[in-house]
Number of protein chains: 2
Amino acid sequence: MDSSANPQAARVSSTAVDTYTIGECARRSGFTMDTLRYYERIGLIEDIARTPTGQRRFTDDHLEWLSVLKCLRDTGMPVEQMHRFATLARDGDHTIPERIAILQAHKLAVDARMDDLAAKRDYLLGKIDYYKSVA
Amino acid sequence: MDSSANPQAARVSSTAVDTYTIGECARRSGFTMDTLRYYERIGLIEDIARTPTGQRRFTDDHLEWLSVLKCLRDTGMPVEQMHRFATLARDGDHTIPERIAILQAHKLAVDARMDDLAAKRDYLLGKIDYYKSVA
DNA sequence: GTAGGACCTGGAGTGGACTCCAGCGCAAAC
DNA sequence: GTTTGCGCTGGAGTCCACTCCAGGTCCTAC
């Protein structure tokens, strides 16, 4: 897990800003390389720099953005809605109210999901107790 | 929503036990008719009686079983594992320990999912607050 | 007896989100 | 300077869990 073990320097320090290969970015973000490429293709990640030979170089800004995407994805937001959010994020500060609205609506959905899970977890516990009582 | 409004009697009372058409069963269980047929096909539901002309007749036992399936499905259990559980349930009381084990393992998975959702919900709230602070 | 909705079957199609592949070009370490 | 492994592309394939369809039968009410 030590990045110095990589034959190819995964973390590349140029003049001012650290950049990461797609492999390192995958490791740090929790997405696979394929998913990162896929997200770039469909417009969820933008402005990924390339080396003269075409390799991607991700930045800390990308990692931060990816942590947002990961949160949204893992809480069940559809890609299409993430895309809407990404578009707004690219369009500047005047879209902040709409971004807030999206996040709040999504938070409500997450709350509902958690409530549903909690209820079903209880049902599960009841089943387990029942089985134990007849075992 | 009154079943007497159905042109075809959805709830059929024969001699001893109430039975339900697939439409009524769908309405009561929360699954679609297609899903019920699909579940029968893959062996998640068994012993569905048929009228002489081939129509399915579900019982209250089926509805109870379907509520279990619904709980498992809605908490993210894969169909294959539900199938394993269904097989055990069909095989008699001596499988109860394994059924308990499955449910307990699944409950742990649900707990983990809930914890993850809770953490990500907090992250979301933080984002919302941040956006509000700069809006 | 006829209209209109419910139900049947087997099989094909869908949607979402990746995931994999071939065939290739680079990079770094020795 | 070669080996080993990372990364590239475009496009095809996968997985899961349904969902839909055509073409037919059946049921109930009027």
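Residue numbers begin at 1 in each chain, while the letters A, B, ... track the order of the sequences.
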Phosphate oxygens OP1/OP2 of [N]: is one of them under 4.0 Å from a side-chain N or O of [X]?
| X | N | result |
| --- | --- | --- |
| B:T53 | D:dC27 | yes |
| A:T21 | D:dG7 | yes |
| A:Y39 | C:dA17 | no |
| B:T35 | D:dT19 | yes |

Could you list the donor-acceptor pairs under 3.5 angstrom formed between side-chain atoms of residues 100-110 of chain A and any protein atom two or more places apart in sequence or on another chain?
unit_1, atom_1, unit_2, atom_2, d
A:H106, NE2, A:T75, OG1, 2.7
A:K107, NZ, A:D111, OD2, 2.9

Grab the [atom1]-[atom2] distance between [X] and [N] for me, whole Å please.
| X | N | atom1 | atom2 | answer |
| --- | --- | --- | --- | --- |
| B:Y38 | C:dA12 | OH | P | 16 Å |
| B:M33 | C:dG5 | CE | C1' | 11 Å |
| B:L69 | D:dA17 | CG | C1' | 14 Å |
| B:Y20 | C:dC7 | OH | C1' | 19 Å |
| A:I45 | C:dC18 | CD1 | C1' | 13 Å |
| A:Q55 | D:dC8 | CD | P | 6 Å |
| B:E24 | D:dC27 | CD | P | 18 Å |
| B:D74 | D:dC18 | CG | P | 9 Å |

Item to check | Axial bend angle, the helix from C:dG1-D:dC30 to C:dC30-D:dG1: five-pair end segments, nearest 10° | outcome: 20°
Next on the checklist: What I want to find out is whether B:R84 reaches B:E80 closely enough, with some N-O distance under 4.0 Å, to be called a salt bridge.
Outcome noted: no
Checklist entry - Is the shortest distance from a Lys or Arg side-chain nitrogen in B:E40 or B:R37 to a carboxylate oxygen in the other one below 4.0 Å? => result no
Nearest non-hydrogen partners of [X] and [Y], listed with the distance:
| X | Y | value |
| --- | --- | --- |
| B:L66 | B:S29 | CD1-CB, 3.9 Å |
| A:L63 | A:Y20 | CD1-CE1, 3.7 Å |
| A:C71 | B:L124 | SG-CD1, 3.7 Å |
| B:L69 | B:L44 | CD1-O, 3.9 Å |

Checklist entry - Can A:S67 and B:Y123 be counted as having a side-chain donor-acceptor contact under 3.5 angstrom? => result yes
Just list the side-chain donor-acceptor pairs under 3.5 Å for residues 125-135 of chain A, sequence neighbours left out, or say none.
unit_1, atom_1, unit_2, atom_2, d
A:Y131, OH, B:R99, NH1, 3.1
A:S133, OG, A:Y130, O, 2.6

Next on the checklist: A:R57 and side chain to side chain contact (heavy atoms under 4.5 Å, CB included): which single residue from A:I48, A:T21, A:I22 fits?
Outcome noted: A:T21
Below 3.5 Å between N/O atoms, which protein atoms pair up with nucleotides 9-16 of chain D? Just atom names and distances, please.
unit_1, atom_1, unit_2, atom_2, d
D:dT9, OP1, A:R50, NH1, 3.0
D:dT9, OP1, A:R50, NH2, 3.1
D:dT9, OP2, A:R56, NH1, 3.1
D:dT9, OP2, A:R56, NH2, 2.6

Item to check | First encountered from the 5' end of DNA chain D, between B:G76 and B:T51 | outcome: B:G76
Item to check | Residue pairs fulfilling ring pair (Phe, Tyr, Trp, His ring centres under 6.0 Å) with at least one residue in residues 58-85 of chain A, sequence neighbours excluded | outcome: A:F58-A:H62
Checklist entry - Quick one: are B:M82 and B:R73 in side-chain contact, heavy atoms under 4.5 Å? => result yes
Next on the checklist: Under 4.0 Å, heavy atom to any atom of DNA chain D: which of residues 108-118 of chain B qualify?
Outcome noted: none
